[in-house]
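Before any comments, here is the structure.
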Amino acid sequence: MKKLFVLTLALLAVLPALRAEEGMWLPMLISQRIEDMQAHGFRLTAEDVYSINQASLKDAVVLFGSGCTGEVVSRDGLLFTNHHCGYGQIQQHSSVEHDYLKDGFWAMNRGEELPNPGLTVSFLERMDEVTAAVLKGYVPTMSEAQRDSVVRVNSDAIVKSVANPDKGVRARVEALYYANQYFLFVYKVYRDVRLVGAPPSSIGKFGGDTDNWMWPRHTGDFSIFRIYADKNNEPADYSEDNVPFHPKRFFEISRAGVQEGDFTFVYGCPGSTKEYVTSDEVRYVGEVSDPQKIALRTLRLDILQKYMSQDQAVRIQYSSKYANISNAWKKWQGESKGIARLHTVAAKQDFERRFAAWARGTRYEGLLDRLSGLYARRNPAFRAYEYYTETVRTVELLSFAAQVQAALAGGREVAPVSGRFYKDYYQPIDEEIFVAMLSAFDKNLEPGYKPEYFLRKLAEYGSVEAWRDDLYARSLFTDPARVAALTADDLAAVEADPAWELYDAFSQWYLAELRPVISETAQDINLAYRAYMRAQMEFEPGKAFYPDANLTLRVAYGHVAGYSPSDAVYYAPVSTLKGIIEKDNPDIFDYDIPQALRDIYAAGGHDAQPVCFLATNHTSGGNSGSPVINADGRLIGINFDRVWEGTMSDIVFDPDYCRNISLDIRYLLFVVKEIGHADWLLDEMVFAD
Ligand code: ARG
Ligand code: ASP
């Protein structure tokens, strides 16, 4: 008995440590977490992480483009991010003669670095809480619309007072905690960012969609860029006269390696999470939305797969589309399974019962019932909307018709749109998807949620197949020559086309039948969540709440750790080059490695070359490319993914299953040297082990 008691005490003592991995914290408030971080092994101070008085780690982290993270690694503005984050740029510079996607790209001096118009990197200069200023003039008797307008006017004024477009200084006011608090984020945006290096896709995308969201993982998911500035180190448009940017701070690189249990810290820009929603929302996501979207995407992926495996040209046409469809498809599977495994709906219901008892007699009484009622109103329309976007809107010919119509109606040229479309279009795939998607729509939506037009046409044709035969036979959009000949005078003909007609009928139906309910309930739901968020904080005053992700800079800390995905299976946290060789197979596209890598391995001595590692950091989409930092603030990896069993972390975090996947920085160094022979890049990095 006594033993049991001691054991319980011991367990209680380690529990907070285990739970501590959850959270994506605001850098400005990191002083509230620093003791816990230090208890987990971190050896730096809050000021080292975020400071507005001196250079700190935040000055070496950037928002890369508008959906990834990157980190500066030299005093001359060298920058690391993921291969999949630089993919668009690598692709843009590729042609049949120089296929950098396939073969990789390595500048051998600064003159060979390639400019990327449109690409920016944003440094966070500072953040401030501005709630009082944003709500100035607001009184509780105001309507929500009035509050919105107060917020907008005040925010605009704040942004205007600090932004300086000439100097590349941008500002944004962001609502956090469901608009209970507002923060100002001030960024310095650099816009001359050049491509320096990228491994061949057979390294940078090794494992492809087969291994995506999975462990064991062996993807060399990195690319290298450099930030340029004008002579005063200020942001400037691309110019030959620009010089490498000198950062306030850059990461030193550790080659000491990682071991299970080591402290890890991910500094980056997670995009979107919803950790504080009710059981109704979780049930909708886990039991309705995810499963229906997964089922529909399985149909599409099977169709794509069938044609791609028969024809090399089709495989190339559809590989990027396939990757896009399958990325979310796989994530949703992990998410809905994780929600079920954790009994998140029941756990939230239990929480809600306790909350409701506490709320009785307070201003929060009835809040959860109100939210429930709103979901009950929203869900049927929202489900139909999601069904529509995953079916009718995925038929390529229909969306193309809409793009052409929009171009003609807007007085723009059709050629750029049609050039892009036909290059990667294979009609037999599209026809089969048309049948599969419209059949699913017919079969799975309740009668009250189908457009009149759809029911009428289906009755006229007798079957989806007959509808398809007629539509693809009659539509002018299946004929590139006819599309090429279109002028503004043909707008009427375009709008009489059966593809446009179908697309438009569904759009009108959405606007008239679904959108009003969805947007009206969305407003009320947001409003209720503002109260519910505040209420949860009052209900659990001892709990540390981190705001849901919104692509602003966050700190997530944890440690290197393997996990057990299922009974009797344990995944070790570090993968090596040996594993790449085990997977290597010239006949499987995703596993066909460069001959150079085979040769290096065969020469011996590289068995233990580390490739990727797992840790417990709480990350999300947008954290790709984030620096993974050790206890001394040195770079040990680049974050690029999560394991699919843990993808419910956007809704509920489970320390047993949630793992982020990072590239081991030593694999980057290995590839730069052995495959890229770009030693000149290593010379400008600073190593501190
Ligand atoms: N799953 C990762 C993320 O969500 C990587 C995606 C890119 N890789 C791929 N094979 N599609 O972005
Ligand atoms: N792969 C994701 C990204 O691109 C990261 C994640 O979802 O874990 O940001």
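In each ligand, atom 1 is the first atom listed, and ligand 1 is the first ligand listed. Quick caveat, the model's predicted, so the values are computed rather than measured.
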Tell me which protein heavy atom sits closest to [atom], plus the residue, atom name and distance to 0.1 Å.
{"atom": "atom 12 (O) of ligand 1", "answer": "His84 NE2, 3.4 Å"}
{"atom": "atom 11 (N) of ligand 1", "answer": "Asp209 OD1, 3.2 Å"}
{"atom": "atom 9 (O) of ligand 2", "answer": "Gly622 N, 2.6 Å"}
{"atom": "atom 2 (C) of ligand 2", "answer": "Ser624 OG, 3.0 Å"}
{"atom": "atom 5 (C) of ligand 1", "answer": "Asn212 OD1, 3.5 Å"}
{"atom": "atom 2 (C) of ligand 1", "answer": "Asp641 OD1, 3.2 Å"}

Would you check whether [X] has a nitrogen or oxygen atom less than 3.5 angstrom from a nitrogen or oxygen atom of ligand 2?
{"X": "Cys68", "value": "no"}
{"X": "Arg642", "value": "yes"}
{"X": "Asn639", "value": "no"}
{"X": "Gly621", "value": "yes"}
{"X": "Trp213", "value": "no"}

Inset, instruction - For this output row, return yes or no: ring centroids of Phe80 and Phe222 closer than 6.0 angstrom. - result: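 When the ring centroids of Phe80 and Phe222 are compared, they turn out to be at least 6.0 Å apart.
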For ligand 2, indicate whether the residue [X] contacts it via side chain, backbone, both or neither (heavy-atom separation under 4.0 Å).
{"X": "Ser620", "value": "backbone"}
{"X": "Lys331", "value": "neither"}
{"X": "Asn623", "value": "backbone"}

Inset, instruction - Using non-hydrogen atoms of the residue, decide whether Gly208 is closer than 4.0 angstrom to ligand 1. - result: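 Yes; Gly208 lies near enough to ligand 1 that a heavy-atom distance drops under 4.0 Å.
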Legend entry - Subset of ligand 2 atoms that lie under 4.0 Å from at least one heavy atom of Asp641: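 Answer, ordered by atom number: 1 (N), 8 (O).
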Inset, instruction - Assess whether salt bridge (charged side-chain N to carboxylate O under 4.0 Å, His left out) is satisfied between Arg642 and Asp650, documenting all intermediate values. - result: CA-CA 11 Å; Arg642 282 170 285 168; Asp650 291 345; 3.1 Å; yes
Inset, instruction - Look at atom 3 (C) of ligand 1 and find which of Thr647, Asn327, Asn324, Asp221 reaches it with the closest heavy atom. - result: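 Checking each option, the heavy atom nearest atom 3 (C) of ligand 1 is found in Asn327.
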[X] NZ/CZ over [Y] ring centroid, <6.0 Å and within 45° of normal:
{"X": "Lys330", "Y": "Trp644", "value": "no"}
{"X": "Arg315", "Y": "Phe589", "value": "yes"}
{"X": "Arg341", "Y": "Tyr657", "value": "yes"}

Inset, instruction - Check each heavy atom of Lys205 against ligand 1 and say whether those closer than 4.0 Å belong to the side chain, the backbone, both or neither. - result: side chain
Inset, instruction - Run the numbers on Arg659 and Glu645 for salt bridge (charged side-chain N to carboxylate O under 4.0 Å, His left out), then give the verdict. - result: CA-CA 9 Å; Arg659 297 290 178 271; Glu645 297 94 342; over 6 Å; no
Inset, instruction - Dump the intermediate steps for salt bridge (charged side-chain N to carboxylate O under 4.0 Å, His left out) on Arg598 and Asp584, then the final yes or no. - result: CA-CA 9 Å; Arg598 289 186 192 116; Asp584 175 28; 2.7 Å; yes
Inset, instruction - Would you kindly say whether Tyr546 and Glu22 are connected by a side-chain donor-acceptor distance under 3.5 Å? - result: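 The answer is yes; a qualifying pair exists.
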Legend entry - Trace of the salt bridge (charged side-chain N to carboxylate O under 4.0 Å, His left out) decision for Glu113 with Arg226: CA-CA 8 Å; Glu113 297 172 354; Arg226 189 189 306 280; 3.0 Å; yes
Inset, instruction - Test His93 against Phe105 for side chain to side chain contact (heavy atoms under 4.5 Å, CB included), laying out the working first. - result: CA-CA 10 Å; His93 292 295; Phe105 168 76; over 6 Å; no
Inset, instruction - Output yes when Arg634 and Glu252 qualify as a salt bridge under the 4.0 Å nitrogen-oxygen rule, no when they do not. - result: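 Looking at Glu252 together with Arg634, the answer is yes, because their closest N to O distance falls below 4.0 Å.
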